Amino acid sequence: MKTVASLLIVLLLAACSAPQGEATKSEATAAPQQQAATTESASPAAPMSDMPSEATVASASGKVEAVDTTAGTVTIAHGPVEALKWPAMTMTFKAGDIDISGLKSGDQVDFEFTSTGMDGTLTKITRE
Ligand SMILES: [Cu+2]
């Protein structure tokens with residue numbers, strides 16, 4: 001039993017010494033990496049600024065509050081948008097390529113839109 005125990009100790013020591021050697025190496029290379037990470041975390045806007053470039057598609061329903069065919073915008077009081085963790089709110093969507101001439105305030109609508117940040121561009125809108 002003693003032999004087994006000492007073998008285990010030797011194995012454990014061997015197992016321990018190998019990672020230590022690697023740890024020393026990675027510590028040496030970790031310094032510049034940490035600096036890079038610090039630079040990134042110094043600007044918390046960096047991860048956020050990636051979001052607007054990646055448009056999120058979401059759908060919601062709500063009530064049209066205003067239609068501006070000249071500006072090409074529709075203001076909608078919409079319900080919560082779980083995909084974007086948006087609460088219910090009233091906001092103005094860009095119409096994009098959508099024909100909004102048939103909409104009028106008071107219309108109940110289901111709509112889909114792409115969102116970049118708090119900006120929404122309609123991709124589909126149908127009256128209920
Ligand atoms: Cu909104």
Side-chain angles (χ1 to χ4, degrees):
M1 286 301 278
K2 274 185 185 173
T3 314
V4 173
S6 54
L7 265 177
L8 279 175
I9 290 169
V10 169
L11 285 172
L12 284 171
L13 286 174
C16 284
S17 63
Q20 270 177 357
E22 281 181 348
T24 315
K25 268 189 227 165
S26 60
E27 263 175 45
T29 53
Q33 281 173 350
Q34 274 178 345
Q35 277 181 348
T38 307
T39 311
E40 275 174 40
S41 62
S43 54
M48 294 292 288
S49 65
D50 289 343
M51 289 173 68
S53 60
E54 264 183 64
T56 306
V57 181
S59 59
S61 56
K63 190 177 93 174
V64 174
E65 295 285 328
V67 181
D68 189 334
T69 50
T70 309
T73 59
V74 185
T75 303
I76 303 172
H78 66 75
V81 184
E82 278 186 35
L84 300 169
K85 296 190 171 66
W86 281 3
M89 69 179 97
T90 301
M91 61 186 283
T92 302
F93 292 88
K94 295 184 190 120
D97 299 329
I98 300 297
D99 178 16
I100 56 169
S101 59
L103 294 171
K104 63 180 191 305
S105 78
D107 283 347
Q108 287 289 335
V109 289
D110 294 317
F111 60 100
E112 293 177 4
F113 60 98
T114 57
S115 164
T116 55
M118 286 302 290
D119 239 23
T121 301
L122 296 171
T123 55
K124 185 183 181 181
I125 188 164
T126 52
R127 277 190 285 180
E128 285 181 1

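Order of appearance sets the numbers: ligands from 1, and atoms from 1 within every ligand. Keep in mind that what you see is a predicted model, and the values were worked out from it rather than measured.
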How many angstroms lie between atom [atom1] of [X] and atom [atom2] of [Y], to the nearest 0.5 angstrom?
| X | Y | atom1 | atom2 | value |
| --- | --- | --- | --- | --- |
| Ile125 | Glu112 | CD1 | CD | 10.5 Å |
| Glu128 | Gln108 | CD | CD | 5.5 Å |
| Thr73 | Ile100 | OG1 | CD1 | 6.0 Å |

Does the shortest distance from the Cu ion (ligand 1) to an N/O/S atom of Thr90 fall below 2.8 Å?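 No, Thr90 does not qualify, because none of its backbone or side-chain N, O or S atoms lies under 2.8 Å.
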
Looking at the Cu ion (ligand 1), is there an N, O or S atom belonging to Met118 that lies under 2.8 Å away from it?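 So Met118 does not count as coordinating the Cu ion (ligand 1).
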
Which atom, counting only N, O or S, brings His78 closest to the Cu ion (ligand 1)? NE2

Indicate, with yes or no, if Leu84 and Met89 share a hydrophobic cluster defined by side-chain heavy-atom contacts under 4.5 Å among Ile, Leu, Val, Met, Phe, Trp and Tyr.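 As far as the 4.5 Å side-chain criterion goes, Leu84 and Met89 are connected within one cluster.
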
